[in-house]
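We number each residue from 1, following the sequence as shown. Note that the structure is predicted; figures quoted are calculated from it, not measured.
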Amino acid sequence: MKKYGYIRVSSLDQNEARQRESMRAQKVPQSRVFIDKQSGKDFERVQYRRLVRRLERGDVLVLHSIDRLGRNYREIQEQWRYLTREKGVDILVLDMPLLDIRASKDLMGTFIADLVLQLLSFIAENERANIRKRQAEGIAAARARGVHLGRPKPELTDNFLHLLHHWNMGEITALDAAYRCNVPLSTFLYRARKYTAER
């Protein structure tokens with residue numbers, strides 16, 4: 001029996017320290033902790049796939065919480081059943097002791113774990129839907145206030161028109177003009193086309 005840990009955060013800038021600490025407390029070796037920094041909407045995650053390939057019958061998979069496994073109701077249940085029934089892996093969900101399937105593998109224990117899993121995976125997906133809804137509402141409200149969303153547009157230097165003229169005359173390359181304007185080539189070309197179309 002080997003202990004493995006799985007950690008997931010939704011984005012690169014989120015901190016997984018709390019989940020790491022819970023793995024240390026469970027004495028999961030660092031070499032057996034797999035970390036993905038991406039959404040839990042599906043299971044197409046590189047480290048998760050590596051973990052599943054390593055797991056063998058009798059191993060224990062430690063999760064901080066069920067939403068770290070994923071946020072898709074149906075897929076969470078499918079993965080749970082695949083891991084526990086087909087691969088024969090025991091799963092320990094730290095913030096939900098009822099989902100420690102090591103404790104009770106009889107019919108009643110399996111029944112309770114399945115009920116709790118269904119409830120929690122539903123909550124995880126529902127939270128994901130609520131997050132998307134709140135994001136959409138926030139974006140709509142910001143647009144209504146006239147807030148520009150996304151990356152700020154690079155400001156063109158005062159010499160843009162001068163450099164555009166020299167580029168149009170074939171005296172300098174677009175790359176050179178973009179460099180002197182301190183913008184990416186694609187931005188220079190976009191602004192050049194836009195300026196020409198608006199004249």
**Asked** Between N15 (side chain) and A17 (backbone), is there a donor-acceptor pair under 3.5 Å?
**Response** yes

**Request:** List in chain and number order the residues that pass side chain to side chain contact (heavy atoms under 4.5 Å, CB included) with I172, two or more places apart in sequence or in another chain; answer none if no residue qualifies.
**Result:** L163, H166, W167, D176, A177, R180

**Asked** At what distance, to the nearest 0.5 angstrom, does OG of S10 lie from NZ of K41?
**Response** 11.5 Å

**Message:** Within the structure provided, determine whether L83 and V52 are in side-chain contact (heavy-atom separation under 4.5 Å).
**Reply:** yes

**Prompt:** Heavy atoms, side chains only, cut-off 4.5 Å: are Y6 and R45 in contact?
**Reply:** yes

**Message:** Can you confirm whether more than 12 heavy atoms, excluding those of R143, are under 6.0 Å from its CZ atom?
**Reply:** no

**Message:** Set out, in order, the CA-CA distance, both residues' side-chain angles and the distance that settles side chain to side chain contact (heavy atoms under 4.5 Å, CB included) for K194 and Y190, then state yes or no.
**Reply:** CA-CA 6 Å; K194 188 172 180 186; Y190 170 76; 3.9 Å; yes

**Message:** Tell me if the OH atom of Y179 is crowded by more than 12 foreign heavy atoms within 6.0 Å.
**Reply:** no

**Request:** Identify the heavy atoms of G5 and L61 that sit nearest to each other, and give their distance.
**Result:** C-CD1, 4.2 Å

**Prompt:** What pair of heavy atoms forms the shortest contact from N159 to C181, and how long is it?
**Reply:** OD1-SG, 4.2 Å

**Request:** For R18, enumerate each residue passing the side chain to side chain contact (heavy atoms under 4.5 Å, CB included) test, keeping only those at least two apart in sequence or located in another chain.
**Result:** H64

**Request:** Determine, stepwise, if the pair T187 / L185 fulfils side chain to side chain contact (heavy atoms under 4.5 Å, CB included).
**Result:** CA-CA 5 Å; T187 300; L185 175 61; over 6 Å; no

**Request:** Scan residues 50-61 for pairs that pass side chain to side chain donor-acceptor pair (under 3.5 Å), counting only residues two or more places apart or in two chains.
**Result:** Q47-R50

**Prompt:** Hey, quick one: are Y195 and M169 part of the same hydrophobic cluster, counting side-chain heavy atoms closer than 4.5 Å, chains of contacts allowed?
**Reply:** no

**Message:** Can you list everything that forms a salt bridge (Lys or Arg N to Asp or Glu O under 4.0 Å) with R193? Sequence neighbours excluded, please.
**Reply:** none

**Asked** When rounded to the nearest 0.5 angstrom, what distance separates CG in L69 from CD in E75?
**Response** 10.0 Å

**Request:** Step through it carefully: locate the ring centre of F188, locate the ring centre of F160, and say whether they are under 6.0 Å apart.
**Result:** yes

**Request:** Hey, could you give me the CD1/CG distance between I7 and L51, rounded to the nearest 0.5 Å?
**Result:** 11.0 Å

**Request:** Scan R8, R68, K37 and name whichever one has a salt bridge (Lys or Arg N to Asp or Glu O under 4.0 Å) with E16.
**Result:** K37

**Request:** Applying salt bridge (Lys or Arg N to Asp or Glu O under 4.0 Å), name anything that partners E171, two or more places apart in sequence or on another chain.
**Result:** none

**Item:** Residue pair I91, T84: steps toward the side chain to side chain contact (heavy atoms under 4.5 Å, CB included) verdict
**Value:** CA-CA 7 Å; I91 301 177; T84 58; 3.7 Å; yes

**Connected via hydrophobic side-chain network under 4.5 Å: V9 and F43** = no

**Prompt:** Between R49 and E44, is a side chain to side chain contact (heavy atoms under 4.5 Å, CB included) present by the stated rule, with each step listed?
**Reply:** CA-CA 7 Å; R49 292 292 182 197; E44 295 305 315; 3.1 Å; yes

**Request:** Quick one: pull up CD1 in I76 and CZ in R81 and give me the separation to the nearest 0.5 Å.
**Result:** 11.5 Å

**Message:** Do V62 and Y4 have side chains that approach each other closer than 4.5 Å (heavy atoms only, starting at C-beta)?
**Reply:** no

**Prompt:** For the rings on Y48 and F34, is their centre-to-centre separation under 6.0 Å?
**Reply:** no

**Request:** Could you list the residues that satisfy side chain to side chain contact (heavy atoms under 4.5 Å, CB included) with E137, not counting sequence neighbours?
**Result:** K133

**Message:** Do L94 and Q26 have side chains that approach each other closer than 4.5 Å (heavy atoms only, starting at C-beta)?
**Reply:** yes

**Request:** State, yes or no, whether a side-chain contact exists between W80 and V93 at a heavy-atom distance under 4.5 Å.
**Result:** yes

